[in-house]
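Here is the structure we will look at.
Both backbone and side-chain heavy atoms feed into the values below; hydrogens, waters and symmetry mates do not. What you see is a predicted model, and the numbers here were worked out from it, not measured in a lab. Sequence positions, counted from 1, serve as the residue numbers for this chain.
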Amino acid sequence: MKKNTQIIMKNFSATPRSSSAPSMDPKIWSKLPPEILEYILSFLPLKTFLNLRSTCKGFWSLIFSPSFISKHSSPSSSSSSSPFSSFLLLSHPQFHRHFPLYDCTLGTWRNISLSLSDSSLHSCPSLTTLVSSGGLFCLSDSLSCSLLVCNLLAKSSRTIQYPSFSLHLEHLTFVTTPTGYTIFVLCSQAASNSAFVYDSNVRTWNRFHGFGPVLGDNHHQQGVFFKGGLYFATPEPFSVVIFDLGSGKWEKPVGGLPSQLTFVRLVSDGEGKLYMVGGVGNNGISRSIKLWELGGDGNWVEVQSLPDLMCKKFVCVCYHNYEHVYCFWHEGMICICCYTWPEILYYLVSRRTWHWLPRCPSLPLKCSCGFKWFSFLPNLYASV
């Protein structure tokens with residue numbers, strides 16, 4: 001591809017640039033190989049390219065072109081400086097392994113979707129999306145008892161066998177770091193419980209023993225990575241437990257939780273702050289939704305309360321079934337979601353304001369449940 005591009009550029013430079021020179025036939029562009037066209041367009045300034053995309057449907061897909069992304073980003077660039085670093089993905093059975101994209105930078109839904117129908121994945125119809133982190137997806141194939149970690153931009157993937165073929169995986173947590181990624185799962189076997197941790201740097205599973213069934217039956221809950229450990233919220237009586245990824249030991253923080261909680265979810269910003277989203281009320285019914293931040297002394301400090309009207313809508317969405325509620329961090333936003341509702345309630349930390357994300361226009365009006373949201377930060381260099 002590089003050689004062909006050099007030939008094209010050489011012929012172009014050798015052409016006399018006079019006012020009488022004929023204009024290039026537009027049909028030539030349609031005959032160029034896609035790789036060459038993407039490479040040429042990658043040299044456009046970002047502002048010019050954004051204006052150009054509206055002239056051709058094919059140009060919209062270049063938002064995920066490796067050549068274009070690599071031109072405007074680098075391994076050392078921060079996520080905040082990348083123009084492709086702020087997407088929310090919606091997964092629903094209605095979409096059949098396609099993910100509508102909400103562009104948080106432009107504040108709108110895109111006309112294209114991210115697809116898991118790549119040829120390397122198409123032969124595995126039993127794959128189900130589990131989690132996303134740092135530009136990577138982690139999927140499960142229950143038939144082959146394996147996990148698949150993939151980078152859809154780089155079109156690379158790695159298959160990781162379950163730590164044991166006879167185990168049922170629970171509470172799967174997928175965390176990316178600057179040096180790789182970690183996979184954490186709980187496994188129930190007979191009367192004992194075990195934690196397994198996969199380290200991408202050594203590509204092996206480690207098994208840890210010696211803890212009780214503290215996390216309950218809500219297998220959708222994931223751990224929150226904070227200061228070298230995974231933080232989990234337990235069911236009633238509510239508490240926070242920590243799994244130290246280095247030692248494999250479980251412990252509890254010093255500070256206690258606020259009173260009259262009806263549900264608890266944890267969120268980390270990845271830069272040293274841990275937040276807690278919880279309902280406050282009686283008899284399992286939330287009268288208010290509050291946000292706390294973990295202080296330096298180990299106590300929870302209240303940050304904000306959800307406005308009354310938004311709180312009433314959120315409670316109606318959940319129908320007091322808070323097991324369906326999950327939270328995650330996305331580029332300065334604390335997102336609060338529900339498996340039974342197609343919208344996101346989010347808190348914008350910098351402005352200290354609450355908002356509802358617009359409903360996806362491609363989603364049918366009558367959809368029951370199965371809504372799953374992901375934070376997606378495209379990273380061409382994320383290694384599997």
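- For the pair Lys372 and Tyr326, the cation-pi test (distance below 6.0 Å, angle within 45°) is passed.
- From Leu90, atom CG reaches atom CG of Leu363 across 6.5 Å, with rounding to the nearest 0.5 Å.
- A heavy-atom distance below 4.5 Å is found between the side chains of Val175 and Leu230.
- The salt bridge (Lys or Arg N to Asp or Glu O under 4.0 Å) search around Lys313 returns Glu343, not counting sequence neighbours.
- Side-chain contact annotation: Thr340 with Tyr319, donor-acceptor N/O pair under 3.5 Å absent.
- For residues 269-285, the set of pairs meeting the side-chain hydrogen bond (donor to acceptor under 3.5 Å, both in side chains) definition, not counting sequence neighbours, comprises Gln260-Asn282.
- To the nearest 0.5 Å, atoms CZ (Phe174) and CG (Leu139) are separated by 9.5 Å.
- The aromatic rings of Phe184 and Trp250 sit perpendicular to each other, their planes meeting at more than 60°, with 30° as the lower class boundary.
- If you check the side chains of Thr262 and Ser286, you find a donor sitting under 3.5 Å from an acceptor.
- Between the side chain of Ser200 and the backbone N or O of Tyr181, at least one donor-acceptor pair lies under 3.5 Å.
- Between the CE atom in Met276 and the OH atom in Tyr231 there is a gap of 13.0 Å [rounded to 0.5 Å].
- With values rounded to the nearest 0.5 angstrom, Trp292 atom CH2 is found 5.0 Å from Leu261 atom CG.
- Counting only distance, with no hydrogens or angles, the side chain of Thr173 and the backbone of Gly223 share a donor-acceptor pair below 3.5 Å.
- Ring-plane geometry between Phe137 and Phe374 is classed as perpendicular, the angle between the planes exceeding 60 degrees on a 0 to 90 degree scale with a lower cut at 30.
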Can you give the donor-acceptor pairs under 3.5 Å from side chains of residues 294-303 to other protein atoms, not counting sequence neighbours?
unit_1, atom_1, unit_2, atom_2, d
Asp297, OD1, Asn299, N, 3.1
Asp297, OD2, Asn299, ND2, 3.2
Glu302, OE2, Lys290, NZ, 3.3
Glu302, OE2, Ser305, OG, 3.3

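- Residues that satisfy the side chain to side chain donor-acceptor pair (under 3.5 Å) test with Thr177, not counting sequence neighbours, are Thr179.
- Not one N or O on the side chain of Arg265 forms a donor-acceptor pair closer than 3.5 Å with the backbone of Gly278.
- Side chain of Arg158 to main chain of Val149: no donor-acceptor pair is present (N/O by atom type, distance under 3.5 Å, no hydrogens or angles).
- Between Phe232 and His171, the two ring planes are perpendicular [angle over 60°; tilted spans 30° to 60°].
- Listed by chain and residue number, nothing satisfies the ring pair (Phe, Tyr, Trp, His ring centres under 6.0 Å) test with His320 (two or more places apart in sequence, or in another chain).
- Aromatic ring orientation, Phe263 versus Phe314: tilted (interplanar angle from 30° to 60°).
- Contact of the Trp329 side chain with the Ser375 side chain is not registered, since no non-hydrogen atoms from C-beta on lie closer than 4.5 Å.
- Looking at Tyr162 and Ser144, their side chains never bring a donor and an acceptor atom within 3.5 Å of each other.
- Applying the salt bridge (charged side-chain N to carboxylate O under 4.0 Å, His left out) rule to pairs touching residues 344-355 yields nothing, sequence neighbours excluded.
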